[in-house]
Participant: 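Here it is, the structure in full.
Bear in mind that the values here come from a model prediction, so they are computed numbers and not experimental data.
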Amino acid sequence: MRYNFKTSEAKWQKTWDERRVFESDVDPSKQKYYVLEMLPYPSGRIHMGHVRNYTLGDVAARYRKALGYNLMHPMGWDSFGLPAENAAMERKVHPGEWTNKNITEMKTQLKPLGFSYDWNREIATHTPEYYRHEQKMMIDFWKAGLLYRKESHVNWDPVENSVLANEQVIDGRGWRSGALVERKLIHQWFLKITDFADDLVESLDTLTGWPEKVRTMQKNWIGKSQGAYVDFQLSDGEAVTVFTTRPDTLFGMSFLAIAAGHPIAKKLSETNADLKTFIQECERGGTSEAAIETAEKLGCPIGLTASHPLIPGKTIPVYVANFVLMEYGTGALFGCPAHDQRDFEFATRYNLPIVQVVFDNGSWDRATAYAGDGTMINSGFLDGMTSAAAKKTMIEKLDSSNTGKSATTYRLRDWGVSRQRYWGCPVPFVHCGDCGVVPEKVENLPIKLPEDVTFDRPGNPLDHHPTWKHTNCPSCNKPAIRDTDTMDTFFESSWYFLRYCSPKSEQAFDEKDAQYWMPVDQYIGGVEHAILHLLYSRFFTRALRKCGYPIQFDEPFKNLLTQGMITHATYQDKEGAWLSPAEIMPLDNGTFVKITDRSPVTVGRLEKMSKSKKNTIDPGEIIDAYGADTARLFMMSDNPPEKDLEWTDSGADGAWRYLNKLYTQAMYAVDCIPAANTPEPEVFSAAAMNLRQVVHKTIMEYTHDLETFAYNRGVARLRTLSNALFAFDPKTADEKWAFREGYETLIQLLAPIAPHICEEVWQSFGHATLVYETPWPKHRPDLTLETQVTIAIQVNGKLRGTIEMPADSDDETVKQTALNHVAHLTDGKTVQRVIVVKNKIVNIVVS
RNA sequence: GCCCGGAUGGCGGAAUGGUAGACGCAACAGACUUAAAAUCUGUCGAUCCUAGUGGUCGUGGGGGUUCAAGUCCCCCUCUGGGCACCA
């Protein structure tokens with residue numbers, strides 16, 4: 001009797017729907033639990049990464065439900081973004097139409113997986129009902145002083161005359177035009193995330209439910225550093241301020257470097273042709289930090305010198321350098337080549353002095369910079385001090401001599417939220433010739449995107465639109481121009497978890513709902529969001545609270561699980577074109593050929609599943625072939641959630657064979673087990689006791705596995721329990737009772753992972769209730785105690801045998817037994833020491 | 001370039017500093033079958049010999065701490081993620 005997953009899965013999904021078991025409401029009498037998976041972008045097809053992410057969430061959700069929590073588990077769509085505009089350009093389809101179609105398709109693909117979503121709470125961020133609230137937030141941020149405008153660099157494609165995203169810049173060129181990308185300054189909107197830098201970094205300590213590595217990444221990203229501003233006088237009378245974290249190395253300075261965008265550089269370039277050319281070269285290439293940091297470090301003297309603030313009469317050259325950015329610090333730095341690798345390379349290239357000021361006990365080879373601590377030398381009043389003392393003393397000296405001051409700075413920069421694109425939330429501001437920048441009146445919100453736009457030319461369709469941007473000033477009512485920027489799509493994902501609490505509210509969210517449901521108890525998503533999305537959401541929590549929104553929690557996400565990616569081997573034909581796994585077939589000799597023409601195929605390394613490499617497996621096909629439970633089980637069983645998962649067809653096949661066997665064995669069990677309410681027998685046979693011990697230990701250990709997301713280990717334990725049940729042959733009434741207990745427990749434990757088949761078996765066992773609504777089993781402590789233990793015996797750390805002993809035997813007995821057991825190995829040698837670790841190991845150290 | 005991870009049999013992985021390889025996949029052998037599929041049983045890190053209740057080696061590489069290291073410390077290699085306009 002094979003398990004028919006097709007009818008069974010459809011049947012249970014219908015039952016859950018009809019009984020509305022996934023719907024959630026505020027219930028102050030019950031403890032709430034909010035499970036959330038990161039908001040998906042509706043690309044049109046779900047992929048394995050989604051299936052994994054949502055299965056992880058669903059297991060957590062169903063487990064919490066069984067523990068008796070009032071569960072909320074919502075789902076929605078992060079539906080603004082660049083791909084919709086690319087599709088519009090490539091396929092002449094409106095971004096809105098494309099997006100809506102994708103949402104419908106993805107929802108259709110998601111439903112057969114049987115996730116416990118409350119679809120009543122569904123949101124889509126491209127709808128005016130959603131984005132009107134963030135227009136209001138933006139105005140509130142403006143009023144609270146958290147939003148401002150400033151000039152900032154964008155990637156500019158001079159052929160398309162449009163702004164490019166970093167991913168659209170490939171090797172310094174525009175991806176469509178191939179033109180060399182330039183850095184262009186334009187006015188943009190910024191959110192003052194730096195106002196909260198200190199709180200954002202300090203509060204990381206309270207996020208004990210987050211992975212340590214994510215907290216470390218955020219801490220480093222914010223990059224709080226203690227240092228000093230130092231003022232320099234230039235030979236033309238101007239002054240330059242630099243920021244440094246190494247004021248102790250000021251005596252080792254041999255040059256000053258300023259950014260190409262520094263006002264002094266700009267001014268001098270008007271009369272200095274070489275400098276002007278160099279600055280133009282600096283403005284070539286993308287704006288990403290990786291592009292700038294990996295570029296060759298180049299500089300151009302500006303023809304001025306700077307006076308050393310502490311060494312009278314000493315002057316040093318000043319350069320414009322391509323690795324100094326106007327956006328960081330003061331846009332200027334001093335170079336100490338001996339103790340900074342980048343400065344070292346710069347000094348070597350331009351033949352500048354390399355003066356050692358930190359002595360490292362003489363091991364420095366002068367081939368690279370020495371960036372560590374040591375004793376100060378060649379540093380006047382700092383000589384003989386440690387680096388730490390020198391830092392402190394130097395800052396005091398700068399303060400007292402009025403040439404600088406101590407400062408705390410952050411690597412974190414303010415969040416640029418402007419995008420010069422169509423498919424995003426319009427910025428609700430108006431530019432008036434008389435009043436300047438004026439926020440829209442709140443009663444005019446939402447400022448809707450115009451539908452009638454074209455993508456037949458590059459650039460911002462909002463700007464091109466014939467009428468949309470023409471409006472009247474909200475303040476003086478004279479003709480004025482709408483801001484044509486839209487918001488960064490990270491804006492939408494920074495507060496959607498609040499919207500889920502009150503998805504239909506006229507407000508962004510209602511106080512009573514947010515107070516009940518927030519914070520998110522378990523947040524699950526890709527590790528690639530470890531910094532930006534999570535940091536922006538943490539910032540929003542603080543910024544909204546500052547604006548008076550009813551937020552009664554400090555951090556939005558209490559517990560965080562970051563999952564790894566799904567990988568698959570890549571395949572290329574002899575021309576180097578990527579092939580999908582469906583286009584190839586294996587030969588007996590282990591190599592692969594193309595199905596169409598039998599030409600040889602090169603098998604590449606494992607890579608993240610992506611459309612461009614074509615190494616994707618469509619979850620739809622897997623679900624058709626094996627069912628949702630198999631896909632879910634395989635996803636959870638093969639490796640830990642945080643690690644990358646390699647998809648293999650044979651692995652899915654194994655999961656299917658297991659479920660099928662579980663079903664057939666359970667159906668056999670139905671024929672011999674007692675009725676559901678049969679009382680527990682008073683006496684059990686040895687075999688029954690053995691089985692019950694396995695059952696109760698599994699409950700205890702598996703529950704711990706679920707708590708710690710060790711799902712793969714948990715599945716292994718369920719397999720062990722299954723093997724014990726499959727091998728068990730109940731003869732007496734007590735054995736049959738234990739057999740039932742074992743199967744029912746297994747079904748309850750497996751239900752969060754493979755819910756459909758478990759409901760099916762649960763029903764066959766005579767239950768009228770859903771296993772979904774059945775309380776989680778509890779282990780009986782008396783059945784989980786070990787009575788007999790195996791103790792390993794080592795001689796000099798090497799395993800030489802094992803002995804069986806009653807648990808908790810006293811150390812002396814264990815020691816003597818162990819010594820006797822390996823006496824043939826210790827004959828003629830002196831026993832120097834014996835280490836006994838209770839119930840574990842005896843190590844005998846002999847000479 | 002900078003920040004954060006990872007590396008254990010043919011493969012995915014398991015292992016509070018205490019018996020490395022649980023559980024599974026693949027493979028191989030056998031049973032069943034006219035045959036195949038499915039199912040069931042067994043073997044399964046490498047190597048050596050005298051074939052055992054055996055010896056030696058073995059957790060990316062090199063060093064160290066410890067009675068004991070996959071696990072802790074230092075150095076290195078390879079590899080994944082992020083780097084502010086992909087989401």
Participant: Determine which nucleotide pairs with rC2(B), using a 3.5 Å limit on both distances of a Watson-Crick or G-U wobble pair.
Facilitator: rG82(B)
Participant: Could you tell me the Watson-Crick or G-U partner of rG58(B), where both distances fall under 3.5 Å? Say none if there is no partner.
Facilitator: none
Participant: Side-chain N or O of T720(A) versus OP1/OP2 of rC23(B): is the shortest distance under 4.0 Å?
Facilitator: no
Participant: With no angle test and no hydrogens, is the base of rC67(B) tied to the side chain of N843(A) by a donor-acceptor pair under 3.5 Å?
Facilitator: yes
Participant: Output the single nucleotide from rG18(B), rA14(B), rC86(B) whose closest atom is nearest the side chain of R713(A).
Facilitator: rA14(B)
Participant: Go through the side-chain N and O atoms of D414(A) and T194(A) and say whether any donor and acceptor fall under 3.5 Å apart.
Facilitator: yes
Participant: What nucleotide, of rG18(B), rC57(B), rC86(B), holds the atom closest to the side chain of L82(A)?
Facilitator: rC86(B)
Participant: Any side-chain N or O of K661(A) less than 4.0 Å from the OP1 or OP2 oxygen of rG24(B)?
Facilitator: no
Participant: Just label rG9(B) as syn or anti from its O4'-C1'-N9-C4 or O4'-C1'-N1-C2 angle, using within 90° of 0 for syn.
Facilitator: syn
Participant: With a 4.0 Å cut-off on heavy atoms, is T790(A) in touch with a base, just the backbone sugar-phosphate, or nothing at all?
Facilitator: base
Participant: Select one nucleotide: of rA84(B), rC4(B), rA14(B), the one nearest the side-chain heavy atoms of N712(A).
Facilitator: rA14(B)
Participant: Mind telling me whether W415(A) and Y536(A) have parallel, tilted or perpendicular rings, with 30° and 60° as the class edges?
Facilitator: parallel
Participant: L412(A) near the nucleic acid: base, sugar-phosphate alone, or nothing, with a heavy-atom cut-off under 4.0 Å?
Facilitator: base
Participant: Considering only rA7(B), rG81(B), rU19(B), which nucleotide approaches the side chain of K643(A) most closely?
Facilitator: rA7(B)
Participant: State which of rC23(B), rG81(B), rU19(B) makes the closest approach to the side chain of L799(A).
Facilitator: rU19(B)
Participant: Is any side-chain nitrogen or oxygen of N723(A) closer than 4.0 Å to OP1 or OP2 of rC23(B)?
Facilitator: no
Participant: Among rC67(B), rA84(B), rC23(B), which nucleotide has an atom closest to any side-chain atom of I835(A)?
Facilitator: rC67(B)
Participant: So F490(A), base contact, sugar-phosphate only, or nothing? Heavy-atom distance under 4.0 Å.
Facilitator: base
Participant: Does the structure place the NZ or CZ of K297(A) under 6.0 Å from the centre of the six-membered ring of F346(A), at an angle of no more than 45° from the ring's axis?
Facilitator: no
Participant: Let's see if you can work this out: which of rC67(B), rU39(B), rG12(B) has an atom nearest to the side-chain heavy atoms of N639(A)?
Facilitator: rG12(B)
Participant: Can you check whether N166(A) has a side-chain N or O nearer than 4.0 Å to OP1 or OP2 of rA84(B)?
Facilitator: yes
Participant: Going through the checks in order, is the side chain to side chain contact (heavy atoms under 4.5 Å, CB included) test met by L535(A) and I193(A)?
Facilitator: CA-CA 9 Å; L535(A) 192 62; I193(A) 189 171; 4.2 Å; yes
Participant: Picking from rA84(B), rA38(B), rA87(B), which would you name as closest to the side chain of R411(A)?
Facilitator: rA84(B)
Participant: Could you let me know what rC32(B) is paired to, Watson-Crick or G-U wobble, both distances under 3.5 Å, or none if it's on its own?
Facilitator: none
